[in-house]
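Read through the structure below, which is laid out as structure tokens, and then see the notes.
Numbers for residues simply follow the sequence, beginning at 1.
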Amino acid sequence: MRNCFQAPHPYLVRHLNRLPHRGLALDATLGFGGNASLLIRHGLQVIGVDIAEVAAHHAKACLPNLMAVIGDLTRFDLPAEKFDVIVNFYYLRRSLWPQYIRALKPRGILVFETFTQDMLCQDPAIDPNCLLIPNELRSNFSASLEIIEYQEHWVPGERLKSLASLVARKPAA
């Protein structure tokens, strides 16, 4: 496996111990393959989806075992109870949320992190529809999934980010 030159998201790294060592994962935001690389090293088979051809080709070149898909995830119907893990970072398509719930196997884990409306303080030009309102992520998943961890927080870095982060498990059948 070549180095993909992209680090996995710290939130995923922090919660890796909650994920199974076998099974199928969906990386809904493949990018250059940092998260997929971590999931594969952890023992999972990974399907990664990205609309950017360059990113998907790079990830596949770095990760021969990756099942890379070039496409818009909103144009797919995810199969029911297929995935042991779904990860979604910085991609907000609310229409996918019911599909994520349906696509998780019983005891499957969802790891999700994206920006909140507090980002408007940093950049008022951001489309508010691309940002979560307070508690939106938790309230939309808590009826169907067991929330393991949820937080809304500011993360320092090159650019200060306001994020909502969630780890949730689908109940056993």
Quick check against the 3.5 Å criterion: does Asp84 have a side-chain atom that pairs as donor or acceptor with the backbone of Ala25?
no
For Glu152 and Asn135, indicate whether the former's side chain and the latter's backbone hold a donor-acceptor pair under 3.5 Å.
yes
Determine, stepwise, if the pair Glu146 / Lys170 fulfils salt bridge (Lys or Arg N to Asp or Glu O under 4.0 Å).
CA-CA 6 Å; Glu146 166 195 340; Lys170 189 170 189 176; over 6 Å; no
Main-chain N/O of Gly33 paired to Gln6 side chain as donor or acceptor, under 3.5 Å:
yes
Can you give me the closest heavy-atom contact between Tyr90 and Thr114, atom names plus distance?
CA-OG1, 3.4 Å
Cut-off 3.5 Å, side chains only: do Glu149 and Tyr11 have a donor facing an acceptor?
yes
If you compare all heavy atoms of His153 against all heavy atoms of Ser165, which two are closest, and at what distance to 0.1 Å?
NE2-OG, 2.9 Å
Of all heavy-atom pairs between Ala36 and Leu30, which one has the smallest distance, and what is that distance?
CB-CD1, 3.8 Å
In short, Arg107 meets Ala172 closest at the heavy-atom pair CD-CB, 3.7 Å
What are the two closest non-hydrogen atoms of Leu132 and Ala164, and how far apart are they?
CD1-CB, 3.6 Å
CD1 of Ile109 to CG of Leu16, rounded to nearest 0.5 Å, is 11.5 Å
For Asp118, check salt bridge (Lys or Arg N to Asp or Glu O under 4.0 Å) against everything at least two apart and list the hits.
none
So Val87 and Thr29, do their side chains get closer than 4.5 Å, heavy atoms only?
no
So, taking the atom named CG in Leu166 and the one named OH in Tyr150, what distance separates them when rounded to the nearest 0.5 Å?
7.5 Å
Say whether Ile51 and Val69 are linked into one hydrophobic cluster, either directly or through other cluster members, by side-chain heavy-atom distances under 4.5 angstrom.
no
So, are Arg94 and Glu136 salt-bridged, with charged N and O less than 4.0 Å apart?
yes
Spatial distance of atom CZ (Arg138) from atom CD1 (Ile147) [nearest 0.5 Å]:
7.5 Å
Look at the rings of His9 and Phe89 and say which category their plane angle falls in: under 30° parallel, 30 to 60° tilted, over 60° perpendicular.
parallel
Taking Leu39 as the starting point, is it possible to reach Met67 by hopping between hydrophobic residues whose side chains are less than 4.5 Å apart?
no
Heavy atoms from other residues, nucleotides or ligands near NZ of Lys82 exceed 12 (cutoff 6.0 Å)
no
Single-linkage hydrophobic cluster Leu26~Leu63, side-chain heavy atoms < 4.5 angstrom
no
Run the side-chain contact (heavy atoms from CB on, under 4.5 Å) test against Arg159 and tell me which residues pass, sequence neighbours left out.
Met119, Asp123, Ile126
Do Ile86 and Leu19 share a hydrophobic cluster, counting only Ile, Leu, Val, Met, Phe, Trp and Tyr and linking them when any side-chain heavy atoms are less than 4.5 Å apart?
no
Is any side-chain heavy atom of Leu137 closer than 4.5 Å to one of Trp97?
yes
Heavy atoms, side chains only, cut-off 4.5 Å: are Val167 and Arg18 in contact?
yes
Donor-acceptor pair, side chain of Asn35 and main chain of Leu38, under 3.5 angstrom:
no
Single-linkage hydrophobic cluster, 4.5 Å side-chain cutoff, Val13 and Leu44 together
yes
From Phe141 atom CZ to Phe112 atom CZ, the distance as rounded to the nearest 0.5 Å
5.5 Å
